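Pasting in a structure now, in structure tokens, and then I'll have a few things to ask.
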Number of protein chains: 2
Amino acid sequence: MATGRTHRPATRSRGIPEATVARLPLYLRALTALSERSVPTVSSEELAAAAGVNSAKLRKDFSYLGSYGTRGVGYDVEYLVYQISRELGLTQDWPVVIVGIGNLGAALANYGGFASRGFRVAALIDADPAMAGKPVAGIPVQHTDDLEKIIKNNGVSIGVIATPAGAAQQVCDRLVAAGVTSILNFAPTVLSVPDGVDVRKVDLSIELQILAFHEQRKAGEETAVGDGALPAATGRGVAAGDSADQGPDGDVPAVMPA
Amino acid sequence: MATGRTHRPATRSRGIPEATVARLPLYLRALTALSERSVPTVSSEELAAAAGVNSAKLRKDFSYLGSYGTRGVGYDVEYLVYQISRELGLTQDWPVVIVGIGNLGAALANYGGFASRGFRVAALIDADPAMAGKPVAGIPVQHTDDLEKIIKNNGVSIGVIATPAGAAQQVCDRLVAAGVTSILNFAPTVLSVPDGVDVRKVDLSIELQILAFHEQRKAGEETAVGDGALPAATGRGVAAGDSADQGPDGDVPAVMPA
DNA sequence: ATGTCTTTGTGAACGCGTGCACAAAGATGG
DNA sequence: CCATCTTTGTGCACGCGTTCACAAAGACAT
């Protein structure tokens, strides 16, 4: 994962592998686009291309759901949209709360992708009293004091944490205590939760660091032949293969801010 | 993944598995926290707990970097911070451009996590002429017309796409043509890029859908006892025992335990 | 009906990632 | 110097995920 999960020993799902579950939304999106263009059927090859995966993988993924295709023809788009939606639990409406209405929280509240696919922003919660009552994305922000009440009144089971790292664990604990069993965490912290609670993490700086690793590797690919052990601060390869990438700032010593 | 990856057949990295690379930022963060508390050394057990992983996994991960620990003692925090930073390419400063300064783009521009760890927001780019010149997070927004010039003048190799889905591929193409070789994509689309370009995807609605799947499974866990095989069509009551799977989008109250 | 053609569904092989369990290595104390 | 204790580094086995390759299944034409 790209993004990763926290804990959760094995895929206890009745049959559907976790990797497959992670791809179902991808297929669903591609299928929805086809549906809007009124395409009646699609082959595994075409759909796989649209979703950016291998066609054999796609077929195997679908085989876990059942035999929904027709040999020689392909898959019925509408039917498949329904089956995947049902499998993912999107035929019901999930109320979601967003905690931490800073820049990111506000962006999430405004994000259309929520409402469009089975999710509904039930409430926005922030610890800042000055935010209370202020509407964001048409929804008034409520104060953290009422968190438990909000969760219970709306039957919320999915929470989004967009607070600073320092507040995340505390918010998480309160969400879980109030009945939330799935958490999407944007704060750069490792959350600890009791068994039975799912946490998924989205971490911008981690993603960038992974890109930086590959970027560095690309830049030093020709020169790094037998690096052996640890050439310390020597590996300053220049000249990348083709495009003019070049070093941003020539030589930077071991800078490691904060 | 939270998140997934796009393409990239195999780990061509000289020795370091992709899964390990994805965890290095996690270790680095935990180590940085220890460093700030002036902790001199840390055992694999302690560090693993802080990073939320298995200690054996952590030791194996570090073994790919070299033998940086001392048996009977543990790892030197400062030294390890440096080694991981170097491995990830964070000892140099990576200029990054953010394209699409909507709610999300602005949030990213304001996100402290960028600057704090080796990344620098070199420019903000948006297609809306009304945005041009307007400062966001202290940086004036520039128009898309100047994209190529900005990339080249700043030696940017990492780009962040925070545009609407419809514009993403076009922006991506221009970024790549201008020399960008790593892309962090927030737009809900599958980007196609030439070989040699890395794409990482962060998709909020996909993460939520995965959570919804597990949430639904949890809700129907008690009733799902003897499922047997998949009864093809008329597939009813497989897993989601209680919840009304038929209702497209009624006001199904999100029933939740306790 | 029969044959051909397309596409699914899946058995099987392979490779990666994970976790156990332990030997090797060094610290520490007598 | 030797014994003991702690913790690393890793060989090994196992399970998951991916991919290949092909037989089975259906559509379609003759």
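In what follows, chains are A, B, ... by sequence order, proteins preceding strands, each numbered from 1. Excluded from the calculations below are hydrogen atoms, water molecules and symmetry mates; all remaining heavy atoms, backbone and side chain alike, are included. Remember, it's a predicted structure, so these values are computed and weren't measured experimentally.
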So, does B:Asn54 get its side chain near the phosphate of C:dG17, meaning an N or O under 4.0 Å from OP1 or OP2?
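For C:dG17, OP1/OP2 do not have a side-chain N/O of B:Asn54 under 4.0 Å.
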Do A:Tyr68 and A:Tyr75 have ring centroids that are under 6.0 Å from one another?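 Not close enough - the centres of the two rings lie 6.0 Å or further apart.
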Using whole Å, report how far CZ of A:Arg71 lies from C1' of D:dC22.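 From A:Arg71 CZ to D:dC22 C1': 11 Å.
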May I ask you to test the A:Leu90-B:Phe213 pair for a side-chain heavy-atom distance under 4.5 Å?
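In short, these two side chains do not touch, never coming nearer than 4.5 Å.
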B:Tyr75 side chain N/O closer than 4.0 Å to the phosphate oxygens (OP1, OP2) of D:dG9?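 Answer yes for this pair, as a side-chain N or O of B:Tyr75 is under 4.0 Å from OP1 or OP2.
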* Under 4.0 Å between a side-chain N/O of A:Arg59 and OP1 or OP2 of D:dT18, yes or no? ->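 No, outside the criterion.
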**Prompt:** Is there a side-chain polar atom (N or O) of B:Lys57 under 4.0 Å from OP1 or OP2 of C:dT18?
**Reply:**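 So the side chain of B:Lys57 is within the cut-off, an N or O lying under 4.0 Å from OP1 or OP2 of C:dT18.
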Exercise for review: Figure out the NZ/P separation between B:Lys60 and D:dG9, and round it to whole Å.
Suggested key: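 Rounded to whole Å, this separation is 12 Å.
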_Measure CD/B:Glu46 against C1'/D:dT8 and give the value in whole Å, please._
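Distance check: B:Glu46 CD to D:dT8 C1' gives 14 Å.
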Exercise for the section: Please state how far atom CG in A:Asp76 lies from atom C1' in C:dT8, giving the value in whole angstrom units. Expected result: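 After rounding, the reported distance stands at 15 Å.
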| query | Considering only D:dC20, C:dA25, C:dT8, which nucleotide approaches the side chain of A:Ala56 most closely? | reply |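 Out of D:dC20, C:dA25, C:dT8, the nucleotide with an atom closest to A:Ala56's side chain is D:dC20.
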Discussion item. Checking side-chain polar atoms at under 3.5 Å, does A:Glu78 have a donor or acceptor matched by the opposite partner on A:Tyr82?
Written reply: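 Looking only at side-chain atoms, A:Tyr82 and A:Glu78 do not form any donor-acceptor pair under 3.5 Å.
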**Asked** In whole Å, what is the span from the CG atom of B:Leu65 to the P atom of D:dG9?
**Response**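 Going from CG in B:Leu65 over to P in D:dG9 covers 10 Å.
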Go nucleotide by nucleotide along DNA chain D from the 5' end; which of B:Tyr64 and A:Thr20 gets its closest nucleotide reached first?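 Per heavy-atom nearest nucleotide, the more 5' residue is B:Tyr64.
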Query raised in the report: Quick one: do the A:Asp203 and A:Ser205 side chains pair a donor with an acceptor below 3.5 Å?
Result: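 Per modelled atom types, A:Asp203 and A:Ser205 side chains form a pair under 3.5 Å.
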*Roughly, in whole Å, what's the span from CG in B:Leu58 to C1' in C:dG19?*
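Rounding to the nearest Å, CG of B:Leu58 and C1' of C:dG19 are 13 Å apart.
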Review point. Separation of B:Arg23 atom CZ from C:dG17 atom C1', in whole Å?
Key: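 Interatomic distance, CZ of B:Arg23 to C1' of C:dG17: 8 Å.
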Closest listed nucleotide, where the reference is the side chain of A:Ser44 and the choices are C:dG19, C:dT8, D:dG9:
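Per side-chain heavy atoms of A:Ser44, the pick is C:dT8.
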| Rounded to whole angstroms, how far apart are CD on B:Glu18 and P on C:dG15? |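 Distance check: B:Glu18 CD to C:dG15 P gives 19 Å.
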| Are A:Gln169 and A:Thr189 linked by a side-chain donor-acceptor pair shorter than 3.5 Å? |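 The answer is no; no qualifying pair exists.
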